[in-house]
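Below: the structure, in structure tokens.
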Amino acid sequence: MDGSVRDIAVEAENVSKIFGSGSDEVRALDDVSVGIQDNEFFTLLGPSGCGKTTLLRLIAGFDHPTKGSIRLAGQDISYLPPYRRSVNTVFQNYALFPHMTVAQNIGFGLEMQGRSRAEVRETVGNMLALVRMEALANRRTSQISGGQQQRVALARALAPRPKVLLLDEPLSALDYKLRKDMQIELKRLQHETGITFVFVTHDQEEALTMSDRIAVMSSGKILQVGSPRDIYDRPSERFVADFIGDTNFLEAEVAGKEGATARIRLASGVEVEADLPSGMADARQVTVVIRPEHAALAPAGQGELQGRIANIVYFGTDTHYHVDLDTGGQFTLRLQNPRGGRELHGEGEPVGIAFEPGALQVLRD
Amino acid sequence: MKRQAGFTTVAIICFVCLYAPIVVLVAYSFNAGESIAVWQGFSWRWYAAAWENEEVQRAAWLSVLVAVQASFYATVVATMAALATTRNKAFRGQTAVFALINQPLMVPEIVTGVALLIVFAMVKVATGYNGLGYLVLAHTAFCIPFAYLPIRARLEGMDLTLETAAADLYATPWKTFRRVTLPLMWPGILAGAMLAFVISLDDVVITELVKGPGQDTLPTYMLGQLRRVVTPEINAISSALLAVSVVIVSLFFLLNRKRG
């Protein structure tokens, strides 16, 4: 985030969505509040069934909230039908109209808005150029590849220039190479159009590489909202730390406090300074996390933790060291491989583990 | 696949039983003589005779008139029924609704015919109306399931997300129907209409019971002729009716395959 104050494009306030009733009741969204800013690439990240698609459908108008409200540019749209919202969707299966050509698909929204023929033709032309599909304008949608259908779906949703574009796992049907290309393409389109993108995915890598901000969701709640770096480096909850990237969990206790900074005593007896999350001022026992690449091997007896190397796995760019800690449990380190480097350590060797300063993060639970 | 012993023979016997009578019927429609059993050389005379026969003309015209109207009404009703039974979530009593719509497939035709005869007799007494409406109404009723089945099959294969996508792109429910749902279900509607048309065209039992005086359709006219002197003219009419049915049913299958 660039830190400047931007207008809110979409805002969900205390939104709950309950499907079914009685014993079949499913709480798909549970009191969710979030503000998505103008011109932002915002990602809803979480495992299947976490409520991310439900939230997207509420913004699109395909479903309506059971409680709470959804606002678009300040206007309450909670119960507005989808065709009265300046919100367009790129569907997971693209949902291109099979009885229309590529150009007719892209022009559909504009036509429904009652734009003039000339304007429709011009905008469709611009959109075809934007997604580099000019040559295929008159093809049927069944005559183009999956990647091309994806581009048409994007162009169709962008053509009416919605205030917000919703993308429901649009890359999941593409193969790896194409997915990588489309990730870059989506970022480019977002920059060029300046439209707010709300992207739904269960793929943490996709979320980290593309987003301005990410909301991590689980069981119908938003657990944490922040930049990819915030989410990765400063996970606030166990679920977030566990869902995104690899991480080491350590049980520790609070030995003392100076303001928001606490001295955390690890099982090894070593004390490390770390920030306490809000609402944790009285905590005694805490869980702390540290990423595998935020620690280094040290000679035995030095560093914050002591252990013995259980095994070493070479990955090309880096090497993973699994260390059995003397105090129980295992710790994983990921060390970059220097050019021409060779194994400096052997399995079974006693080592110390040295944390990077400030790398330790206290979880809120 | 393993060949079953005797399977081919059985198949051939079945096909002979099915098609030999039809081949004979068609062949004798070209008989130059007056007999439907003794071959006396090739001729088009019975087709010419049938073509010029005013009673045949009137009956054929009535058949087409009834079939066009009945298949139109049946298709409209079947389209609405198909939309109602596939677009919405499963509801209580849905199976019962299917059974009700398809009732004419299960109730013996003679029962429907007798029932209609009785009810229409009452209506005739009450209203004094004696027109073609009874036939059209009766045909519409038994044509509905034949129109309904292909339309429903078409709708069930349709991706519901397409309608959601249309709504997302500012199409009102009516525009969504006009621009997305209807064009996509159109092949099913055409197929249903064709099937209904052929079924109406071929019907004998219900028509025989429901028709008023002078309301002979082609099949009931033929039935009446069979009770008198039988000439190859009846073969010629039959062959022509067969040709029309075959063409329409072929179109139906073509339509289902092409867009299916």
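Reckoned from all heavy atoms, side chains included, excluding hydrogens, waters and symmetry mates. Proteins get letters first, then strands, A, B, ... in listed order; numbering begins at 1 in each.
A:Phe62 CZ: more than 12 foreign heavy atoms inside a 6.0 Å radius. The local environment of OH in B:Tyr19 is sparse, with at most 12 non-hydrogen atoms from other residues, nucleotides or ligands closer than 6.0 Å.
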Once you leave out hydrogens and angles, what donor-acceptor pairs under 3.5 Å do chain B and chain A share?
{"residue": "B:Asp159", "atom": "OD2", "partner": "A:Asn93", "partner atom": "ND2", "Å": "3.0"}
{"residue": "B:Ala167", "atom": "O", "partner": "A:Tyr83", "partner atom": "N", "Å": "3.3"}
{"residue": "B:Asp168", "atom": "O", "partner": "A:Asn88", "partner atom": "ND2", "Å": "2.9"}
{"residue": "B:Asp168", "atom": "OD1", "partner": "A:Thr89", "partner atom": "OG1", "Å": "3.1"}
{"residue": "B:Asp168", "atom": "OD2", "partner": "A:Thr89", "partner atom": "N", "Å": "2.6"}
{"residue": "B:Asp168", "atom": "OD2", "partner": "A:Thr89", "partner atom": "OG1", "Å": "3.4"}
{"residue": "B:Tyr170", "atom": "OH", "partner": "A:Asn88", "partner atom": "OD1", "Å": "3.4"}
{"residue": "B:Tyr170", "atom": "OH", "partner": "A:Asn88", "partner atom": "ND2", "Å": "3.4"}
{"residue": "B:Arg179", "atom": "O", "partner": "A:His99", "partner atom": "NE2", "Å": "2.8"}
{"residue": "B:Arg179", "atom": "NH1", "partner": "A:Glu111", "partner atom": "OE2", "Å": "2.8"}
{"residue": "B:Arg179", "atom": "NH2", "partner": "A:Glu111", "partner atom": "OE2", "Å": "3.4"}

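Looking at A:Leu96, only its backbone comes within 4.5 Å of chain B, counting heavy atoms on both sides. Residue contact with chain B, scored on non-hydrogen atoms closer than 4.5 Å, involves the backbone and the side chain of A:Phe97 alike.
With chain B as the partner, the residue from A:Ala159, A:Pro82, A:Ala153 showing the most heavy-atom pairs under 4.5 Å is A:Pro82.
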